[in-house]
Number of protein chains: 4
Amino acid sequence: MAKATGDQSEVGAAVGPPLSRAERKREELRREIVDASFSCFAEKGYHGTGISDIAARLGIGHGTFYRYFENKRDIVDHVITHLLERVVSALAAENAPDAPATLAAYREQTERIATALLSIMDEDPRIARLLLFQAPAIDAELEARVTGLIDAMAELTAGYLRHGVAVGYLPADLDTLNTARAINGMILAGAIHGLNDPGHDSGEYVVAALRLMHVGLGGSMSTDGSNN
Amino acid sequence: MAKATGDQSEVGAAVGPPLSRAERKREELRREIVDASFSCFAEKGYHGTGISDIAARLGIGHGTFYRYFENKRDIVDHVITHLLERVVSALAAENAPDAPATLAAYREQTERIATALLSIMDEDPRIARLLLFQAPAIDAELEARVTGLIDAMAELTAGYLRHGVAVGYLPADLDTLNTARAINGMILAGAIHGLNDPGHDSGEYVVAALRLMHVGLGGSMSTDGSNN
Amino acid sequence: MAKATGDQSEVGAAVGPPLSRAERKREELRREIVDASFSCFAEKGYHGTGISDIAARLGIGHGTFYRYFENKRDIVDHVITHLLERVVSALAAENAPDAPATLAAYREQTERIATALLSIMDEDPRIARLLLFQAPAIDAELEARVTGLIDAMAELTAGYLRHGVAVGYLPADLDTLNTARAINGMILAGAIHGLNDPGHDSGEYVVAALRLMHVGLGGSMSTDGSNN
Amino acid sequence: MAKATGDQSEVGAAVGPPLSRAERKREELRREIVDASFSCFAEKGYHGTGISDIAARLGIGHGTFYRYFENKRDIVDHVITHLLERVVSALAAENAPDAPATLAAYREQTERIATALLSIMDEDPRIARLLLFQAPAIDAELEARVTGLIDAMAELTAGYLRHGVAVGYLPADLDTLNTARAINGMILAGAIHGLNDPGHDSGEYVVAALRLMHVGLGGSMSTDGSNN
DNA sequence: CATGAATGAGCCTTCATTCAT
DNA sequence: TATGAATGAAGGCTCATTCAT
C-alpha cells in the first residue's frame, strides 16, 4: 500500500514517482503556507504573527494550517529551509563550483558569489530580516541553526581559502578559518545594511568590500587586479 | 550620626545631588532588575521571559517590578541602554579618541578597538546575544534601534577612514562609507562567532581580521606592518 | 435531509436573510451570553463579576466569551440595549401610541403605561437593579446613557402633556417639562421600591401615584375620574 | 492648657471629654480623608478611585490612610454617613419639625423641604452622584443602605401624610405610604436631573412638582392654594 | 479534507493592604 | 506617627491547538 517511496522534492530531489493531482494540490498549498508564513514572520515578527494571520493571508481556515504543519514552531523550520534552498539554488545557478586556479579567478568568483548573495537580499530584504533578525530569537534551536549556518558559510569560504593556499596564490601563513569568518562578516554587514536602506546600491558595497578583502585598506584595485 | 553623604561612586557619574539612603537602595534595586532582566532575556529570550521570572531571580514579588519600570517593553530599552553604556565605557577606557596620524597608528587603534570590543563580548557573550539576536525581533522600534546602532558604528569608522584619506595615509579613492560597513561586518562576525564557540580565542580572530583589513588576502603582515 | 430554512422565529424579527444552522447557533449563544451577563451583573455587580463567572454560568470556556464580545465593557452595552428592547417592546405591546383626546383617555393611558412598566420590573427586578443601580457606576459613558434615558422618558411624557395642553384638557400654564420629570420620578420610585420589597403589590402603588398625579394630594379619585 | 472645650462638631454629638490638641488634629485629618474620598468617589467612581488617589489629593502618604480607616470599603460608609449628616442638618436648619396643622401649612412645609433638599444637590451635585449612582453599585450592603434610606424618607413623608389624614386636611382614603413613595420619587427625579443639567433652575422644578403633588395635573395653583 | 467554534494555559498588569523604618 | 516600598491575589485578555461537523 505504500504510496511510494521516498524523498520527493528537497532541492536535489531525485525524480520520484509522479504525484497524483490531489497530491500535487496538497503540495502546492503546503508551499503557499510556507510562503505566507515567511511573509508574515518577516513583516510582523514570529511572535507578532498568529496562525490566523497566515491563514487569512491565504484565505483558508486556520484549522487547515494544522493539516499541513504540526504547529507554529514547526513551520519556521520549513520557512527557513525553503529560504536556504532559494539562496543556495540562486548561488548554484550563478557560480561554477570549480575551485579557482588563480588569484584573479578567485577574485572573480568571490565577486560573483557576493553579488549573487546580495542581489537576493536586495530583491527580497525579508529574507535577511527573517534569517538574521527573527529566527535567532525564536528558540535556542533556531539560534543554533542560524549560527550553524553562518559557521557553515565560513567553513565553505575557508575551504576556498585553503585551496588557494595549497595552490599557492594565497599566502601560506593565512589563518584560513578566521579570515573566512571575517569575509563572511562583510557579507553579513551588506545584508543587514540592505535592510535599513532598501534603495541602496549593493553593487558599490560589493566593490568596496572586495577591494578591502583583496588588497586591504591601503592598496588600490588596479585594472589587472594586481596588488602592488 | 552624620548622614554621610560621600561616595555614591558610579563610574563616570557626574556629580549629582547626594542620594539619601533610600534613594541609593532604590537605585540599587533598579539596577538589579535591569541586570536580572538582561540575564533572563539573553538566556530565555524576550518572549520566553515572564515578569515573574525576573522577579523570581531576584527573590522579589513581581509586583515590585512595576514599581521600577512601566512594563515589560519598557525594561528592554533600559537593558539595552545599560549594555551600550557598558560597551561604550569599555571602549572609552581603552582608546584615546585622538585621530591617528599615520597608517601604523591607525592600525594600532583598530587593533585596540577590535580587541576591546571582542573582549567585552567574550567576557559576557549574552551581550551579543541580546543585542544582535534578541532585540531586533522584539519590535520594529528595537529593530530600528539595533540597525541604527550598526549604522552609527559604521559612520564612526567612516569618520576615521575619511580622516586617513584627508591626512593621506589612505588612498583618495577609498569608498569610506562602504568600506567602513565592511569593517563593521568583521566585528559583527567576530561577536557572533563568540556566541557559538565561547571558548574560542578571539585574539586570533582579531589578528586575522586586521590582516585582512589592512593588507587584504594576498598581503602579509610583516613585522613592521608595511604592506608590500 | 432538506436544510430547512423556515421559521427562525424571533418575536418581532424583521424578515432577514435566512440564517444557516451555524449562524442560528451562534446567535443563540450570543443571546445566552447576554442573558448570563445580565444575571451576573445584576446579582454580583459589574465589578464583582468576572468573565469567568459568566462563562461558568453557561458552562463554556471563558475564551469563548471573547469570540462573541470585544471585552467586558463591551457586553454591558449589549445587556443594556437588550434590556431596553425588552422594556420598549413590552410597552409597545400594551399601548396604543395614539395621543389621547381627553383627560380621561390620558388617565387611562398613563395607567396602562405605568402598569406595564412596573409589571416588567416586578417580573424581573434585576432589570431595575442593573439599569438604575449598576449601570451608572460603571462608566461616565454609561452614567450618561442612563441619565439620557431618563431624560428621554421625561421628554416623551412632556410630549403627551404638551398635547394635552394643546387639545385643552390640561391647563395652559402647565410646566410640561418639569411636570413630566416629576411624573417620571414617580415611576422611578416605583421601580426602586420594587427592588426592596419584591413581594409588594405594585398595582396599589400605581393607583396611589396616578391619584397623586391626576388630582393631587387633596383630591379624590371619583369613579368617573372627574376632579372636583 | 485646654484650648477650649466646647462642641467639637459632630452634629448631635453629645458633649464628650475635651480633646487634646493631637486628638483634634487627628480628627481633622480624619475628616479631610472623608472629604477627599467623597470627592474622588463622586468624580471617578468607587472602583475608579485608588487609595493612592485619595492620599495624593491630600498630600499624605497612602499608608496613612490605613491608620484612620480599616480599608477602602470602610470609608464609603463614613463618606455616606457624613453626607447624610450634611443633608439632615441642612434640612433641620430650614424646617421646623412641627407637624403642620393645615393643608396650606403642609404645602409650605413641603416647599421648604423640597427647596432645601434640591438646593443641597444643586450646590454639590456630587452628593447625588455618590448617593444615587455610586453607592448602590458597590455592595449589597450599600445598596440596602441606599434603598433603606429611600424607604426611610418615604416613611417620614408618610408620617406627615398620616398626620394630615388624622387632622383632617387630607382625605381619609389616602394611601399614605404609596403616596409618600411617589412624592419621594419626585424629589429623586429632581436630584437626578440636577446631575445632568448642572445649570438648571431647580426652583422651577420644585414649583412644578409641588403643583403636581398638591393639585394634580388638571388643577391650577391659585394664590390661596385652593384646588378648584 | 476543510473549517472555525471552542478551549484554557498563561501572561501582563493593577491595586488594596501590610509593615519595617 | 507617617511613610511608601513591597507584596501577591485577582482578573482581563490572547492565541495556539483541538475536534466535531
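The analysis underlying the following values was restricted to heavy atoms, covering all of them including side chains, and did not include hydrogens, waters or symmetry mates. Residue numbers start from 1 in every chain, and the chains themselves are labelled A, B, ... in the order their sequence lines are given, proteins ahead of strands.
The CZ atom of Arg24(B) sits 16 Å away from the P atom of dA5(F) (whole-angstrom rounding). Look at CZ on Arg73(C): it is 12 Å from P on dC13(F), rounded to the nearest Å. The nearest whole Å value for the distance from the CZ atom in Arg30(B) to the P atom in dA5(F) is 13 Å. When the P atom of dA16(F) is taken as reference, atom NE2 of His47(B) falls 12 Å away, rounded to whole Å. Residue Tyr66(D) contributes atom OH, which lies 13 Å from atom P of dC19(E) at whole-angstrom precision. In this entry the distance linking NZ of Lys25(B) with P of dG4(F) reads 16 Å, nearest Å. Taking atom CZ of Arg21(B) as the reference point, atom P of dA20(E) lies 15 Å away to the nearest angstrom. When the P atom of dT3(F) is taken as reference, atom CD of Glu23(B) falls 17 Å away, rounded to whole Å.
More than 12 heavy atoms of other residues, nucleotides or ligands sit less than 6.0 Å from atom NZ of Lys44(A). Remark: Arg30(D) CZ is packed, more than 12 non-hydrogen atoms of other residues, nucleotides or ligands lying under 6.0 Å away.
The residues Glu43(A) and Arg57(A) are annotated as salt-bridged, a charged nitrogen and a carboxylate oxygen being separated by less than 4.0 angstrom. Between Arg145(B) and Asp77(B) there is a salt bridge, with a side-chain nitrogen of the basic residue lying less than 4.0 Å from a carboxylate oxygen of the acidic one. Salt bridge present: Arg129(C) and Glu143(D) bring a charged side-chain N and a carboxylate O closer than 4.0 Å. Salt bridge annotation for Arg73(A)-Glu141(A): present, with a cationic side-chain nitrogen under 4.0 angstrom from a carboxylate oxygen.
When each of Tyr46(B) and Arg26(C) is assigned the nucleotide of DNA chain E with its nearest heavy atom, Arg26(C) is the one assigned upstream, toward the 5' end. In this structure, Tyr68(B) and Thr49(C) both approach DNA chain F, and ranking their closest nucleotides by distance from the 5' end singles out Tyr68(B).
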* To do: Could you give me the CA-CA distance, side-chain angles and deciding distance for Leu142(D) and Ile80(D), then say whether side-chain contact (heavy atoms from CB on, under 4.5 Å) is met?
  => CA-CA 9 Å; Leu142(D) 277 176; Ile80(D) 291 178; 3.6 Å; yes
(request) Might you work through the salt bridge (Lys or Arg N to Asp or Glu O under 4.0 Å) test for Glu32(B) and Lys25(B), ending with a clear yes or no? (result) CA-CA 10 Å; Glu32(B) 283 176 349; Lys25(B) 277 199 67 169; over 6 Å; no
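Remark: Cys40(B) SG to Leu58(B) CG distance equals 8.0 Å, nearest 0.5 Å.
Contacts of residues 51-65 of chain A with DNA chain E (heavy atom under 4.0 Å): Ile60(A), Gly61(A), His62(A), Gly63(A), Thr64(A). DNA chain E is contacted by no residue of residues 37-45 of chain A, taking any non-hydrogen atom closer than 4.0 Å.
When base pairs are accepted only as Watson-Crick or G-U wobble with both N-N or N-O distances under 3.5 Å, DNA chain F takes part in stems of 3 or more pairs at E:2-21 with F:2-21.
Among the nucleotides dA5(E), dC13(F), dT13(E), the one closest to the side chain of Lys72(C) is dC13(F). Minimum atom distance to the side chain of Leu29(A) is reached by dA2(E), of the listed dT13(E), dT17(F), dA2(E).
For the ring pair (Phe, Tyr, Trp, His ring centres under 6.0 Å) with His78(C), the qualifying choice from Phe38(C), Phe65(C), Phe69(C), Tyr68(C) is Phe69(C), the only one to do so.
Using the six-membered ring where Trp is involved, Tyr46(A) and Phe41(A) have ring planes that are tilted, between 30° and 60° apart.
In this structure, Thr64(C) contributes its side chain and Ile60(C) its backbone to no donor-acceptor pair below 3.5 Å.
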